[in-house]
Structure formats: structure tokens, C-alpha cells
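One structure is given here, and the rest of the page talks about it.
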Amino acid sequence: MRKNKRLDTIDKKHLWHPFTQMREWERETPIIIETGKGNYLIDTYGKKYFDGTSSLWVNVHGHRKKEINDAIKKQVDKISHSTLLGLGNAPSIELAEKLVKIAPKGLTKVFYSDNGSTAVEIALKMAFQYWRQRQTLNSNSRTKFVAFTGAYHGDTFGSMSVGEIDVFVEKYKPLLFPTYKAYYPYCYRCPIDKKYPSCKIACIKKFEEILKKYHREIAACIIEPIVQGAAGMIVSPPGFLKEVRRLCTKYNILLIADEVATGFGRTGKLFACEHENVPPDFLCLAKGITGGYLPLAATLTTNKIYKAFLGKYEEFKTFFHGHTYTGNPLGCAAAIANLNIFKKERTIQKLKPKIVLLSGLLEGFKALPHVGDVRQKGLIVGIELVRNKRTKEPFQTEERVGYKVCVETRKHGLIIRPLGDTIVIMPPLSITKEDIKRIVGVVCRSIQTVTGGYLVD
Ligand SMILES: *Cc1c(COP(=O)(O)O)cnc(C)c1O
């Protein structure tokens, strides 16, 4: 009790929390997490909560997973950090080999950084510099990018420039570089008919129009494959990603797959690109790479890209980019242990029945009067709450309906975080069937408590 009070006071005095209206935070009595075990978080009072967001989409096999704990401890006893600038280190080398082995084919080079935004930033910079060093006709004019409506790629200026969620980027617009925006099917601001399959077809058509007209100025296209995360867990219709790949190849545009959120099993496959057998030119990985333990990211690319950076020193074709903690041995050791668990526990194979169970349970939400849409891919779920089910009229922002639902679930031992009025469930892959049933029940009841809606049957 006293401990919590003390921490709360200091937190309010000195901390500035991410993506948080601090005036609201100052009025709250926050949950302060002290320990974790398996899929649960435990606060300073000893109260247990299911980690329904995987600690912001990162945790994979649960907290305090023995193999990952041991791997980090073992690495600490060897060395915690040495630089990759002019030196090698063993865990970063071992991990690179493993990543190349499991990644979509053609991706053979690994560039490390510390988070998703930088993984994206690096892909953008590499794609841009690639064209400047290709020295073929017109390659210097390829200075722009194509991104999608509803895209989220991180919070640094480069990644914001290819992002498209207004509340996140609007204020910085004068500082962002111009980017072509194509339509992501069924995304929240899609002006094209949202019906299936016309939306997909219309979006592809618009996408091709952009490429056809501007391909000489476009360096690369960046996409969140299969699921757009921050937009509200928007699942793209089958075949969309494949078409994007086909058109990028046709117009000689590099494809960047931002799998920061979708990577490492979330969608039911190790990488979302596998759903449509799409090999990207760049693969951005972060969040789940260390099993949710440490900040580590990787940008994978092809030999073709890599070769354009080779030359005499004085030609300055070097990729002049590198974060101080690049290839951190502790992070890499955790990532290796994470990947070993996937293999040993057959994590991906074991997901199937969990995903099927979850799909079945989610059917029940569709009858709720304020549920406008239920989206799922693998263990990623978005439940969109609306004022009017028929017209899809949203709730007012100030009603804070999504937020209130997530406050309610906490009373029942479940921590989740909404995206606007979309309730997100994104549990660790190690979730049990019992917990799936329990947390879906809690979410369902909490939605009813907050929106006053009852099952109509
Ligand atoms: C979270 C996220 C990022 C940014 O990652 P950070 O580690 O927060 O910088 C980028 N892209 C996608 C798709 C994400 O979900």
C-alpha cells in the first residue's frame, strides 16, 4: 500500500507517459506493475491481470520464460554490450543466420537497430540511397514513397512521413516529406465502397494508377502486410498483398513490409507475408523479436540492395547509419532464445486450435447492439464499437467508450488498451484455451456494462 502510494507520487511528479493525456493520468490511480509470470502481470498490491495486449504487442511466450531468462543471464556473464561499428559480436551473428533462415526468401542481409520506428527508418533510407547509387537512367529521380491510408510505421519523422493517422501526424505535417497515399482496403478512411470484394478491386486499381503515373519518382512502397495495426486491426482481403507485390514488381518499385506488429506469429504464421507467399525487398522486424524482453529491431534486405552500397571507401556509398546499441548482445541472445522456443514448442502449429476457438467465440460479439465490426487475423482482434450498428455512426470522442471498456476489464483482471473505440485483444501466443474463453467473456461483459447493450437473440 505505502509502496504503491510512494511510486504513484513520484510517477506523477516526474514521468511523462507515451501516447497519454497526462492531465487524465494525473487524476488516475495507476496500476503499477511489479512482476510478471506467464501470461499475467502482477501489480504492487499483488493483484493479477491477464496481459491482453502482450505488453503492447511484444510478448510472445509469456513473462519470465525460463529459456529467455537463462539466455540473458548467460549473456550477461559474458558481455552485455560491444559495438558493431568495426567489430563483430557472437549473438548478433548467430541471430542473423537464424533470421535469414526463417524470413521470406531472398532476404539475406540483416541490419540491426533498437525499435520499430528505426527499423522502418532504415528501410526507407536504404531504399532511397539504393536508387541514388544505382546510376541507371532516371534512378536519381526516385525520391518518393507510396504508403497507405491508415498506415502506422512509427513516431520518428521518416516513419511519420509514411504514416497516415491524423491524430498522430497532423501537427508535424510541415516537417514531413511528401508521400503518395494509396487506399488500404476496408481501412477507416477508405472512401471507396467498403463492400467485399469491390473495395479490394477498387483499391488495387487506384494503387496501379499511382504507380503508372508516378513510378519514375517512387523509390519504394511501404505496407503493413495483412493487418494494419494502429488503424484498428484492419485485415486486408485475401490477395491484396499479392497484388501489391505484383504491381511493385511490374513498375520496378521496392516493397517494404513493416512486420513490426505482425511478425513472430501474431497472425497465425511466423510472418504475415507468408499468408500470400510474398517476398518483400525489405522486412522490418521489432516488437516480438526478443519475445518481448528487450529493445531490438532488424531490417532485412536482399543482396541486390546490399550490392548497390559496395564501392571504394572514397566513393561514400557506405550506409552511414547506425544506432549506438545496434546488435546489442543481450537483445540478440534473447531473440535467439525466442526463436528456439518457436521451434522446440512448435508454437505456430499449436496456434491453430486457439485461433479457431477465438473465431468461434468472437461470433457472439456480432449480436451486440454497439459492435459495428469484429476483425480477426490469428491472435489479433479488433472489436469496433459504434453508436449505431446499422449506419456505423461512431460514438463521440469525448464519450471515451473504448477507454471505459478497458477500464472496466481491469476490474475483472484483464489489461487491454483500445485504439479509439476499437477494443484490441492481442494476447501472448502462449495463451491457453481457458484464458481465451475467460478474457473473451470479460471483454463481452465489459462492453455490455459500458454501452448498456444486451445480447439480442
Ligand atoms: C509499433 C509499430 C511500429 C513502431 O515501433 P516502435 O518500436 O514503437 O518504434 C512500426 N510499425 C508498426 C506496424 C508498429 O505496429
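We count ligands from 1, going down the list as the structure has it; atoms in each ligand are counted the same way. We use all heavy atoms of the structure for the numbers below, so side chains are in, but hydrogens, waters and symmetry mates are not. These numbers were taken from a predicted model, which means no experiment stands behind them. We're numbering straight along the sequence, starting at 1.
With respect to Asp70 and Lys66, a salt bridge is recorded, a charged nitrogen being found less than 4.0 Å from a carboxylate O. Between Glu67 and Lys344 there is a salt bridge, with a side-chain nitrogen of the basic residue lying less than 4.0 Å from a carboxylate oxygen of the acidic one. Under the 4.0 Å criterion applied to side-chain N and carboxylate O atoms, Asp281 and Arg245 are assigned as salt-bridge partners.
By the criterion of a heavy-atom distance under 4.0 Å, the side chain of Lys287, and not its backbone, is placed next to ligand 1. Contacts between Ser117 and ligand 1, counted as non-hydrogen atom pairs separated by less than 4.0 Å, involve both the backbone and the side chain. Residue contacts with ligand 1 for Val260 involve side-chain atoms from C-beta outward but no N, CA, C or O (heavy atoms, distance under 4.0 Å). Counting heavy atoms under 4.0 Å from ligand 1, residue Tyr152 touches it through both backbone and side chain. Using a 4.0 Å cut-off between heavy atoms, His153 contacts ligand 1 through its backbone alone, with no side-chain atom that close.
Ring orientation note: the planes of Phe111 and Phe319 are nearly perpendicular, at an angle over 60° on the 30°/60° scale. Ring-plane geometry between Phe168 and Phe19 is classed as perpendicular, the angle between the planes exceeding 60 degrees on a 0 to 90 degree scale with a lower cut at 30.
When each atom of ligand 1 is checked for a heavy atom of Trp57 under 4.0 Å away, the hits are 15 (O). The ligand atoms of ligand 1 that sit less than 4.0 angstrom from a heavy atom of Ala261 are 15 (O). For ligand 1, the atoms closer than 4.0 angstrom to any heavy atom of Asn115 are 7 (O), 9 (O). Ligand 1 places these atoms under 4.0 Å from at least one heavy atom of Glu224: 13 (C).
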*asked:* The test is salt bridge (charged side-chain N to carboxylate O under 4.0 Å, His left out); show your working for Glu384 and Arg375 and say whether it passes.
replied: CA-CA 8 Å; Glu384 192 176 329; Arg375 300 180 285 265; 2.7 Å; yes
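Note that Lys48 lies in the cation-pi zone of Tyr40, set by a 6.0 Å cut-off to the ring centre and a 45° limit from the axis. At least one cation-pi condition fails for Lys206 and Tyr183: the charged atom is not both under 6.0 angstrom from the six-membered ring centre and inside a 45 degree cone around its axis.
Here the heavy atom of the protein found nearest to atom 5 (O) of ligand 1 is Gly116 CA, 3.1 Å.
Geometrically, ligand 1 and Asp258 share a nitrogen or oxygen pair separated by less than 3.5 Å.
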